[in-house]
Amino acid sequence: MSRALTPGIRFIVTSLCNYDCIYCHNEWEPKVKPISGLEIKLINELVQATKELGGREVDVTGGEPLLRIDRVTAILQAAKQYEMFTNLTTNGYFLDRDSETLSKLGLDEIHVHIPTLNPLLYTQLMRGNADLAKVLAGLEKIKGKIFVIKANIPIEAGVNDTEISVLLDYLTGNGITPRFIETMSTASYGTNGQRV
């Protein structure tokens, strides 16, 4: 069965994020106060139920999931207990801190958002406390510890579309699979997430 069709469960660990990306699909949610969160004691039950129903994959995302490494740890431990494939999506800011932990927990695949290799443009696009050098250093630290590393690259005409070849060369040269994503406008959504 194709990975794209693999049944499983997706945990949105928290809505908190240290970035405030211009293309974030949760841009109407507060980034400084969590609006969602799962009790750790329920995580194992949910993963077990997913496995019993034929699920084979556990996806971890946010907000920025590594802001709640305790929840990420509980999810990955449960997933490995039931021999399920795991992946995590992150902005990469905390990879230098958490690379060893994620490796020991058996994370199979990680997706890191990297829309540009230009430090100034990166800060403008990712906002918050965005730090490209810190993310790239974290990626260097995690290489060889996690089997599959992918870079999510939102592309916007006139913003970062001229960097495609530079990103391809850098990422593939470092064993990272690039995933180009066409950005979509979310201007038609209000601050409460309702279409206006």
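Model, not experiment: these values are computed from the prediction.
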Quiz item: Considering all heavy atoms of both residues, which atom of Ala151 and which atom of Leu171 are nearest to each other, and what is their separation?
Solution: CB-CD1, 3.7 Å

Exercise. Indicate the atoms forming the closest heavy-atom contact of Ile43 with Ala78, along with that distance.
Key: CG2-CB, 4.3 Å

Exercise. Could you tell me whether the side chain of Leu121 reaches within less than 4.5 Å of the side chain of Val159, counting heavy atoms only?
Key: yes

Practice problem: Using distance alone, with no hydrogens and no angle criterion, decide if Thr90 and Glu64 have a side-chain donor and acceptor under 3.5 Å apart. | Solution: yes

Practice problem: Search all heavy atoms of Gly54 against all heavy atoms of Pro7 and return the closest pair with its distance. | Solution: O-CG, 3.5 Å

Quiz item: How about Leu95 and Leu102: do any of their side-chain heavy atoms sit closer than 4.5 Å?
Solution: yes

Quiz prompt | Residue of the set Leu125, Ile153, Thr123 for which side-chain contact (heavy atoms from CB on, under 4.5 Å) holds with Thr116 | solution = Leu125

Self-check item: Any Leu66 side-chain heavy atom under 4.5 Å of Leu88 side chain
Solution: yes

Quiz item: Hey, does Phe85 have a side-chain heavy atom less than 4.5 Å from the side chain of Arg56?
Solution: no

Quiz prompt | Atom NZ of Lys143: over 12 foreign heavy atoms under 6.0 Å | solution = yes

Quiz item: How far does CD1 of Ile9 sit from CD of Glu57, to the nearest 0.5 angstrom?
Solution: 11.5 Å

Quiz item: Can you check whether Gly158's main-chain N or O pairs, donor with acceptor, with Asp161's side chain at less than 3.5 Å?
Solution: yes

Exercise. Give, for atom CG of Leu136 and atom CG of Leu117, the distance between the pair rounded to the nearest 0.5 Å.
Key: 6.5 Å

Quiz item: Is there side-chain contact between Asn160 and Glu156, with at least one heavy-atom pair below 4.5 Å?
Solution: yes

Practice problem: Output the distance between atom CD (Gln48) and atom CG (Leu53), rounded to the nearest 0.5 Å. | Solution: 10.5 Å

Quiz item: Do the side chain of Lys51 and the main chain of Tyr82 share a donor and acceptor less than 3.5 angstrom apart?
Solution: yes

Quiz prompt | Nearest heavy atoms of Met126 and Pro115, plus distance in Å | solution = SD-CG, 3.8 Å

Quiz item: Does the side chain of Tyr122 reach to within under 4.5 Å of the side chain of Val135, using non-hydrogen atoms?
Solution: yes

Exercise. Test side-chain contact (heavy atoms from CB on, under 4.5 Å) on Asn129 and Tyr19 and set out the steps.
Key: CA-CA 6 Å; Asn129 63 341; Tyr19 282 11; 3.6 Å; yes

Quiz item: If we only count heavy atoms from C-beta on, is the Pro178 to Thr172 side-chain gap below 4.5 Å?
Solution: yes

Self-check item: Under 3.5 Å: donor-acceptor pair, side chain of Ser103, backbone of Ser99
Solution: no

Self-check item: Check: Val13 main-chain N/O paired with Arg71 side-chain donor or acceptor under 3.5 Å
Solution: yes

Quiz item: Roughly how far, to the nearest 0.5 Å, is the NZ atom of Lys141 from the CD1 atom of Ile146?
Solution: 12.5 Å

Practice problem: Find the distance between CG (Leu105) and CG (Asp98) and round it off to the nearest 0.5 Å. | Solution: 9.5 Å

Quiz item: Only one of Asn152, Asp131, Asn18 forms a side chain to side chain donor-acceptor pair (under 3.5 Å) with Asn91, so which one is it?
Solution: Asn18

Quiz item: Would you call Lys80-Asp108 a salt bridge at under 4.0 Å N-O?
Solution: yes

Practice problem: Please lay out, stage by stage, how Leu46 and Phe11 fare under the test side-chain contact (heavy atoms from CB on, under 4.5 Å). | Solution: CA-CA 10 Å; Leu46 288 168; Phe11 288 98; 4.1 Å; yes

Quiz item: Closest approach of Val58 and Ala79, non-hydrogen atoms and distance?
Solution: CG2-CB, 3.8 Å

Quiz item: Does the side-chain contact (heavy atoms from CB on, under 4.5 Å) test come out yes or no for Thr86 and Val60, once each step is laid out?
Solution: CA-CA 8 Å; Thr86 55; Val60 183; over 6 Å; no

Quiz item: Does Val148 belong to the same Ile/Leu/Val/Met/Phe/Trp/Tyr cluster as Phe180, with side-chain heavy atoms less than 4.5 Å apart forming each link?
Solution: no

Quiz item: Atom CD of Glu109 and atom OG1 of Thr89: how far apart are they, to the nearest 0.5 Å?
Solution: 8.5 Å

Practice problem: Check whether any side-chain heavy atom of Leu139 sits under 4.5 Å from a side-chain heavy atom of Asn174, and report yes or no. | Solution: no

